[in-house]
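One structure is given below, encoded as structure tokens.
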Amino acid sequence: MRKACLLAVHELAKRDPRVVFVGSDITKQNLEKFAAEFPDRYLMEGIYEQHIIGMCAGLAMSGKIPYLNTIATFITRRCYEQVLIDLCLHELPVRLLGSGGGTVYAPLGPTHLANEDLAIMRAIPNMTIVAPCDADEMKRLMAQSLDWHGPLYIRIAKGGDKVVSSDARGFKIGDAIPMHEGKDVLLVSTGITTQVALDAADLLAKDWLTATVLHVHTLKPFDAARVLHYAAQAKAVLTIEEHTLVGGLGSAVAETLMDAGKGGVPFARLGFPDVFTEELGSQAEIMGKYGLTSANLAAKARQLLS
Amino acid sequence: MEQRALIDSRGKDHRRLILQMLVGSGRGHVGAALSVMEICRVLYDDILRVDPANPKWADRDRFIFSKGHGCLSLYVMLAEKGFFPKEELMRSCHFGSRLGGHPESRKTPGVEASTGALGHGLSIGVGCALAARIDKKSWRTFVLIGDGESNEGSVWEAALSAGKHRLSNLTVLVDYNKFQSYGPSKDIQDLEPFADKWRSFGFAVREVDGHDVPALREALKATPFDAAKPSVLICHTVKGKGFKTTEHNADWHHKAKVKPEELAALLAELEATP
């Protein structure tokens, strides 16, 4: 997914002279062609995230469209004030490409996890947040990123994730995509948990239960209309996210349902509890420990429906 | 460096205006405004290529007012140059005003960036200067920072980067008034050897009396000090400059609710000063 993202930045740079790439001491892989073709617009900077966010603001104020890539948690937590003031208050078209969203860096420990990035980015006015589900969707997103108004945070997953999106279902920033349709339960997912939700839908089908999987790739602006539309047709609603339960997808769906007076529907949220997930191991092991699996999602759905 | 320069009649006019704004708005960071007044004056009189009728002119020089709390002086100069009517000065901070207690680019014509949280402006300035270089444009970037602000690590991140990129189209002005909110900077976080720090980060450095208008003009006209480096002009200033009552006085860092007798005493003091 990161490869698709960075190669897309190069393609965008060919199309538009405003595109500038900014990195923070990251690997050269997938950037060699950009660096060779556009050395003036290729800025590989030091390990100072506060500075490069402000620098991208200055570039954008002067007519550029900077694409900044580094580890997700370092461009969300470490320089939150710069993101909030320099980018969002000024509504600047800076694209933050966050590598290792969620628990991708599980073996590296809690300093490298981005389990609250969606929540803290969601709290800032003017921010747009997208978590694609696979590399193909990343390409569709990147094609639309050039002309998107204001700052954009893109959560990049591990890579090599199973491709579940398709051109046929389309992609538009801000529009949730129904990936599978059924009448019994609504599973709302984002990022790579859409794969988990689709697998859960298959498991439920074995019990003659049908599920709609609504892929909310854009956390903000939030597609409340589609969530309400599909929730109205379901007997239960479940959300799943590779993220803390504080302030992410599940919170947004709950807020949407309550605000619309639809809070009566059986409802459950799957995500990380309000703790530091300190276990090491793989992303799959961490997600497994906290129940972010298709089997658990299907089991919770059966519970709500019974 | 001693600050021997006297405040001339225009400097006194500016200070009267700042006091009137303080009364009109009910509050303000007086000390910082008085220490940067001459820096702002020389920039807008003699250095910056800007067009008040077209504040977003693409080829304008960029002035990032990073120590946002000193903005009363910025507003005085923007009004004087015609970016907005002078009458608006008296209503700053009020509901519906375009002038805030810290400068905001989305509200106030002529303000390049919204600042107030310290340590942001120099990075923004580095980005502006890089953009001008990429586009091969001759417009320049000036960033005003404070000495207290220079406690922020992000200032030195930006300084490293400006030095690395050899941004000769970038000039940093430091308002070195040696006084912070709590008291003397040397008691809180001493910055010395300050000029050496900038030199070691790759800057060409000059120092000047920040209230000496001809000296400021001469120094700023000499930028870049080195054709292959960013410039920094360390402006030795006096916090609260112009009134004995306010100089080096932490009570006047931020002032709300100025009493009429205090105002009268300050105005009288200004008249009596040679």
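- You'll find the side chain of A/Glu81 reaches within 4.5 Å of the side chain of B/His120, heavy atoms only.
- Side-chain N/O atoms of B/Glu149 and B/Ser66 include a donor and acceptor closer than 3.5 Å.
- Evaluation of the ring pair (Phe, Tyr, Trp, His ring centres under 6.0 Å) test over residues 49-83 of chain A, restricted to residues two or more places apart or in two chains, returns A/Tyr48-A/His51, A/Phe74-A/His112.
- Salt bridge A/Arg122/A/Glu255: present, at least one basic N to carboxylate O contact under 4.0 Å.
- In terms of heavy-atom pairs under 4.5 Å with chain A, the best-connected choice from B/Leu122, B/Thr141, B/Ile64, B/Asp135 is B/Asp135.
- B/Glu157 and B/Ser123 share no donor-acceptor pair across their side chains, judged by distance under 3.5 Å alone.
- Neither the backbone nor the side chain of A/Val22 comes within less than 4.5 Å of any heavy atom in chain B.
- Taking the side chain as every heavy atom from C-beta outward, B/Phe65 and B/Val111 never approach each other to under 4.5 Å.
- Interface residue A/Leu43: only side-chain heavy atoms are found under 4.5 Å from chain B.
- Of the two parts of B/Ser114, the backbone and the side chain both hold a non-hydrogen atom closer than 4.5 Å to a non-hydrogen atom of chain A.
- Chain B forms the most heavy-atom pairs under 4.5 Å with one residue out of A/Ile52, A/Ile85, A/Ile53, and that residue is A/Ile85.
- Only the backbone of B/Glu112 comes within less than 4.5 Å of a heavy atom of chain A; no side-chain atom from C-beta onward does.
- Residues B/Leu233 and B/Leu216 meet the side-chain proximity criterion, which asks for heavy atoms closer than 4.5 Å.
- For a residue to count as touching a neighbouring chain, one of its non-hydrogen atoms must lie under 4.5 Å from one of that chain's; by this rule B/Lys164 touches chain A with the side chain only.
- Both the backbone and the side chain of A/Leu89 come within contact range of chain B, with heavy atoms under 4.5 Å apart.
- Taking chain B as the reference chain and counting heavy-atom pairs below 4.5 Å, the highest number among A/Asp40, A/Leu59, A/Val20, A/Ile47 is found for A/Leu59.
- Residues A/Glu11 and A/Met142 fail the side-chain proximity criterion, which asks for heavy atoms closer than 4.5 Å.
- Interface summary for chain A: among B/Gly121, B/Gly125, B/Gly153, B/Ala113, the most heavy-atom pairs under 4.5 angstrom belong to B/Ala113.
- Residue B/Lys56 does not touch chain A at all, counting heavy-atom pairs closer than 4.5 Å.
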